[in-house]
Protein chains: 2
Amino acid sequence: MAMESNAATRAERTPRNRDDTIHRALSEAIVDHRLAPGARLPEDALAEAFEVSRTSIRKALQRLALEHLVTLRTNRGAQVAKPSPDEAREVFAARRLAECALVDWVVDALGDDDLTALHELVDRERRAQADGAQHEAIQLSAAFHIRLARVAHNAPFATFIEQLARRSSLVIAVYGSASSVGCECGDHGEILALLAGGERERARQWMTRHLEGIERSLNFDGERRETPDFNALFGRHGPTQTASEE
Amino acid sequence: MAMESNAATRAERTPRNRDDTIHRALSEAIVDHRLAPGARLPEDALAEAFEVSRTSIRKALQRLALEHLVTLRTNRGAQVAKPSPDEAREVFAARRLAECALVDWVVDALGDDDLTALHELVDRERRAQADGAQHEAIQLSAAFHIRLARVAHNAPFATFIEQLARRSSLVIAVYGSASSVGCECGDHGEILALLAGGERERARQWMTRHLEGIERSLNFDGERRETPDFNALFGRHGPTQTASEE
DNA sequence: CTGTTCCATATTGTATACAGTCCCTATATC
DNA sequence: GATATAGGGACTGTATACAATATGGAACAG
């Protein structure tokens, strides 16, 4: 891990910046799949890597837990979150609703500086994709949605979408196939063009299809061993199909 | 402050519950205006009140800061947040968008248990209002929107609206007049009736008008002394009216 | 050979100590 | 009398110590 060099390099003076640096480093590592879902995050090891005490690490982990990027179990420490299929569906449903709802405000507020910044993100993502820079491409894909949400100049909504975008990357890390990451690329450019052209309804359609496309590419049947489905395994009707209660 | 008795009474064993208790106690006190915006929150005093060490208090304050209910300034401690007018407008704008966007899902998922729970909240709010139980009424007003958001069974969206509702209470504490709290009462019952009747479009209209009504009742010109208006004080047109700070 | 119990180890939860920063006030100087 | 400066007090930021808890393995009984 090239983490400790990063942390040591940009050791900002003021305390708040330092905390943010730790939080951001962990967040980015989780979002771009350098830290796998389920990976344990022992406080001691992280404290050594970042050259701080456990106190600062705990602060970062607490925050990441509120953002649903790590799970915190009492006396058992922190680990990178492994969203359940239900959680994954809720995240994508929320994104479809939120990002489409924001289209009107985005179109109204879209300025030249926004456009150039967004175009640059699309380009960089495309290049990273072509170069096989997987981690960077994932990061840039989330960054596009995050930057887009900021156009509307509504901080609460922007941070909401920001959190959802990061959680989506985590969902893809758990359930995504190779195509999950790859197929997004063209969509972002298209959505941007529609927004710039003021075609609100078509922009909403593309956004919806874009997010649905990612969700469809997920595979929830995989070797997910979190809580085995005992009904399907041992139910009285065999493994044909059993309706799970709850 | 009747806080320490509360905290001591429900001293739950497990550590997570304890933290939640502290967080909830502070959050509720801020939301229902028992703690005024701008009030300082020294860690020592809170630690003594809750009979824990500063460590646990810091954890709660960190979280409340992320929820924008308190502000945390380096080396200067925590205080109850005082949202700026811009922030206030953004919060209400976000609520209008989010809560209206959720109407379709709410109508589709609205069950009998939801209806009874929501009706009870409306009734209790009305009673509290009539009895002059201001704090309780405010709490119940937020609780209505929070419970309503949960109907849609989308956790991310529900917690988003939950945070916005609590921040709104804080905004009202800063800029609200007497009518800000009072006039909400009837609206909730009306909105609930429209949702139960499946009248989506009218429900959205009422929700919008409801939130706009609250926003309009706010007074942003008041004695806002955060950064004194030196132009008004020393400007070439003299002091039309001066208010004493703190 | 299987299953259970107990202990050692590792890791987290909490409190506390110490250092650093800010603010306010008192004092001295102009 | 007004302003600048130095000192004291109060509070936060961080690290560390200690206690509590879970985990994994070893020893032992069946």
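Please read all numbers here as calculations on a predicted model, not as lab measurements. Every chain is numbered from 1, with letters handed out A, B, ... down the list of sequences. Excluded from the calculations below are hydrogen atoms, water molecules and symmetry mates; all remaining heavy atoms, backbone and side chain alike, are included.
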Does a nitrogen or oxygen in the side chain of [X] sit under 4.0 Å from OP1 or OP2 of [N]?
{"X": "B:Arg76", "N": "C:dC23", "value": "yes"}
{"X": "B:Ser56", "N": "C:dA15", "value": "yes"}
{"X": "B:Thr55", "N": "C:dT14", "value": "no"}

- Item | Nearest-nucleotide pick for B:Asn75, side chain only, options being C:dT14, D:dC11, D:dG13 | D:dG13

From [atom1] of [X] over to [atom2] of [N], roughly how many Å is that when rounded to an integer?
{"X": "A:Glu48", "N": "C:dT11", "atom1": "CD", "atom2": "C1'", "value": "15 Å"}
{"X": "A:Glu43", "N": "D:dA17", "atom1": "CD", "atom2": "P", "value": "16 Å"}
{"X": "A:Arg58", "N": "C:dA15", "atom1": "CZ", "atom2": "P", "value": "12 Å"}
{"X": "B:Glu51", "N": "C:dA15", "atom1": "CD", "atom2": "C1'", "value": "15 Å"}
{"X": "A:Gln79", "N": "C:dT11", "atom1": "CD", "atom2": "C1'", "value": "14 Å"}
{"X": "B:Lys59", "N": "C:dA15", "atom1": "NZ", "atom2": "C1'", "value": "12 Å"}
{"X": "B:Leu41", "N": "D:dC11", "atom1": "CG", "atom2": "C1'", "value": "13 Å"}
{"X": "B:Ile57", "N": "D:dC11", "atom1": "CD1", "atom2": "C1'", "value": "15 Å"}

- Task: Please name all residues satisfying side-chain contact (heavy atoms from CB on, under 4.5 Å) with A:Glu67, sequence neighbours left out, ordered by chain then number.
- Result: A:His23, A:Arg63, A:Leu64, A:Leu69, A:Gln163

- Task: Identify, with sequence neighbours excluded, every residue that meets side-chain hydrogen bond (donor to acceptor under 3.5 Å, both in side chains) alongside A:Arg124.
- Result: none

- Could you tell me whether A:Arg89 sits above the aromatic face of A:Phe220, with NZ or CZ closer than 6.0 angstrom to the six-membered ring centre and within 45 degrees of the axis? yes

- Using only heavy-atom distances, decide whether a donor-acceptor pair under 3.5 angstrom links the side-chain of A:Arg54 to the base of C:dG13. yes

- Query: Taking atom types as modelled, is there a side-chain donor on B:Asn154 or A:Glu90 under 3.5 Å from an acceptor on the other?
  - Reply: no

- Note on the structure: Nearest-nucleotide check on DNA chain D, A:Ser53 vs B:Asp44; residue mapping nearer the 5' end is B:Asp44

- If you round to the nearest 0.5 Å, how far is CD1 of B:Ile146 from CG of B:Leu140? 10.5 Å

